[in-house]
Amino acid sequence: MKEKVETLRRDIGLFALTLTGIGSIIGSGWLFGAWKAVKVAGPASIFSWVIGCLIIICIAISYAELGGMFPESGGMVRYPQFSHGSFVGFIAGWANWIAIVSVIPIEAEASVQYMSSWPWEWAQNMYNGTELTTSGLTLAFFLVLVFFLLNYWTVGLFAKANTIVTIIKFVVPLLTIVGIFFAGFHTHNFTHVSGGFMPNGWSGVLTAIATSGIVFAFNGFQTPINLAGEVKRPGRNVPLAVILSLLLAGVIYFLLELVFIGSVPGSMLKHGWAGLDMKSPFADLAMALGIGWLAVCMYADAVISPSGTGTVYTATTARMIYGMEKNGYFPKIFGNIHPLYKVPRPAMWLNLVVAYLFMYLFRGWGELVEVISVATVVSYMAGPVTVMALRGLVPNFKRPLKTKGLAIIAPIGFIVSSLILYWSRWPLTGQVLFVMLIGLPIYFYYEIKRRKETFLRNIKAGLWLVCYLLYMMLISYLGSEQFGGHNIIPYGWDMIIVIISALLFYLWALRSAYYTEELKDIEQRSQETGSVDM
């Protein structure tokens, strides 16, 4: 295990790593998120972005500490196994992989969908209003192949290409904010459109966080953590890159939502915010306001932003498969590192095939974004639990970043993740949680094959997570009609029950942690080398 990781080069510095985080976060989310959120929550969607950002920061702080402690590639799928053994490790890793690998095709689809607004017939024929046509799907397939090739030869090439792309995609949203604000911003839309400022109440604000791409938009904070094995001074640079990229992206998203709401022409709002129909939201808005030059910039950025994110996630998902192989739940070939280019090529090939499968099954941005968001939330659950469990299990481990108040922040992170899961609405919650459980036959196959004595202990340590997923399905089904349930549990009481239940599951999860074989192995190596580098 140690030899494999030592072949990875530590080439990425803080600046490039922060740009990698921003490059993951600012993708198709900014192109569609403001429009999707305002359709659900009206002008109050500005609250959705603020709340969503704060929630993700609470969760990210837990992972930032873990990333500093264990600077290894694919870390996001490794940490839960350190504190709770293989059963929790597998479920968390499976959820994380499903959530992230599906981002690659959705970013390619977003590029093509925006391109279909170009003023040429060949481009307009790539999207029929609901899904990509054959020509659009062909172009999306080609874009995914480009993402793949940019990462195939070296992480250094990936980092350099991503730095250039990220600078461009950072500038265009800023130009959009300034251009739209001065061309047509007014406060009338915030209160005088049908339904007022908050047409769907707080349930609309909360649902927008879960289903409008807000969680999806912030998901890129994982990338600096998953690339930790290739980072210079990882204990310092990984947590800094995570926090900086989230804060910068959060400010950009808030301002984009603000100017979008204040600049939509009244002629587009005859049927209220829910009836706002746009094909390429910000580009359509720029054209309506007569800012042709900005529309051209956005049409170009509609290729650059999602493509930059797709390139980053191609690198990230390969490291995740690499990490899952180290956990022992993928064939060993996927842990192989190319001796010259130092990248996990077999893992990249697997993700390419899976990305093409997702693209074939889900041919539009909107079809995938809700599923990805829910799967992402499930993958977050283990982070707050793991970081606090490790503080109790291995208090003497070196922690380059040790956050004050984490004993309060961590349970809050778990609770708000549970709320987002509930806000995602039935039946979507049940469908995605079921997908999280169908990977278990893979786990049991490898466990039976190994015949480990720790099998029952790992099952016991992970029982809380299985019960939690099943329980959240039930609560979502019984919950209020505002969140798609059968209204057996009325609105207001439903969220109180979720909060109390989440806290109880969090405490159960902490009590289930134990000193695993992985921790023992890490501690032995740290005594030998003076470091916990993997």
Side-chain angles (χ1 to χ4, degrees), residues 21-22 24-25 29 48-70 75-80 82-84 88 91-93 95-100 103 206 209-210 213-226 228 238-250 253 316 320 372-391 401-424 432 436 465 468-469 472 498-499 502-503 505-506 509-510:
I22 298 174
S24 296
I25 294 170
S48 302
W49 286 99
V50 173
I51 296 169
C53 184
L54 292 175
I55 287 172
I56 300 302
I57 286 175
C58 282
I59 297 167
I61 286 173
S62 298
Y63 282 106
E65 179 169 319
L66 292 169
M69 288 177 66
F70 307 111
M76 288 285 289
V77 301
R78 292 276 286 153
Y79 307 141
F82 297 158
S83 62
H84 286 78
V88 170
I91 296 175
N96 205 289
W97 178 57
I98 291 294
I100 300 299
V103 172
L206 301 176
I209 297 171
I214 292 176
V215 170
F216 165 74
F218 283 111
N219 193 33
F221 81 83
Q222 300 187 43
T223 300
I225 297 169
N226 279 319
V238 170
L240 273 178
V242 169
I243 301 302
L244 286 173
S245 58
L246 272 175
L247 289 175
L248 288 170
Y253 282 139
T316 300
M320 292 173 70
I372 292 173
S373 296
V374 178
T376 297
V377 172
V378 175
S379 72
Y380 288 160
M381 295 297 175
V385 171
T386 296
V387 71
M388 290 308 299
L390 289 176
R391 282 194 174 186
L401 173 70
K402 187 171 183 179
T403 307
K404 293 181 179 180
L406 194 61
I408 296 174
I409 295 173
I412 289 175
F414 188 87
I415 290 169
V416 294
S417 296
S418 302
L419 285 169
I420 293 177
L421 186 57
Y422 177 70
W423 298 335
S424 300
V432 178
M436 297 302 100
L465 183 53
Y468 170 83
L469 295 177
M472 289 302 297
V498 170
I499 290 170
L503 181 59
F505 274 105
Y506 173 80
L510 286 184

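Only this structure's heavy atoms are used, side chains among them; waters, hydrogens and symmetry mates stay out.
- Atom-to-atom distance recorded for L510:CG and T386:OG1 is 9.5 Å, nearest 0.5 angstrom.
- Once rounded to the nearest 0.5 Å, the distance linking OG of S62 with CD1 of I409 reads 7.5 Å.
- Here the shortest heavy-atom pairing between A389 and H84 reads CB-CE1, 4.2 Å.
- A side-chain contact (heavy atoms from CB on, under 4.5 Å) with V498 is found for exactly one of I415, L503, L421, L419, namely L419.
- Side chain of Y253 to main chain of A217: a donor-acceptor pair is present (N/O by atom type, distance under 3.5 Å, no hydrogens or angles).
- Nearest approach of Y506 to V385, heavy atoms of both residues: CD1-CG2, 3.8 Å.
- A pairwise comparison of heavy atoms in A92 and P80 identifies CB-CG, 3.7 Å as the closest pair.
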**Report entry** Evaluation steps, side-chain contact (heavy atoms from CB on, under 4.5 Å), between Y63 and V242
**Finding:** CA-CA 9 Å; Y63 282 106; V242 169; over 6 Å; no
Requested in this report: Might you work through the side-chain contact (heavy atoms from CB on, under 4.5 Å) test for E65 and L390, ending with a clear yes or no?
Outcome: CA-CA 11 Å; E65 179 169 319; L390 289 176; over 6 Å; no
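- Scanning all heavy atoms of the two residues, the minimum distance from S417 to Y380 falls at OG-CB, 4.2 Å.
- With rounding to the nearest 0.5 angstrom, the CE atom of M388 is 14.0 Å from the CZ atom of F414.
- Contact record, L66 with G383: CD1-O, 4.0 Å, taken as the closest heavy-atom pair.
- Counting all heavy atoms, side chain and backbone alike, G250 lies closest to C53 at CA-SG, 4.0 Å.
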Report task. Before giving the answer on side-chain contact (heavy atoms from CB on, under 4.5 Å), spell out for I61 and I243 the whole-Å C-alpha distance, their side-chain angles and the decisive distance to 0.1 Å. Result -> CA-CA 8 Å; I61 286 173; I243 301 302; 4.1 Å; yes
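- The distance from the CD1 atom of I57 to the CZ atom of F218 is 7.5 Å, given to the nearest 0.5 Å.
- Between W49 and the options I214, L54, I209, a side-chain contact (heavy atoms from CB on, under 4.5 Å) holds for only I214.
- The CD1 atom of I412 lies 11.5 Å from the CD1 atom of I59; values are rounded to the nearest 0.5 Å.
- In this structure, I56 CD1 and I420 CD1 are separated by 5.0 Å, a value rounded to the nearest 0.5 Å.
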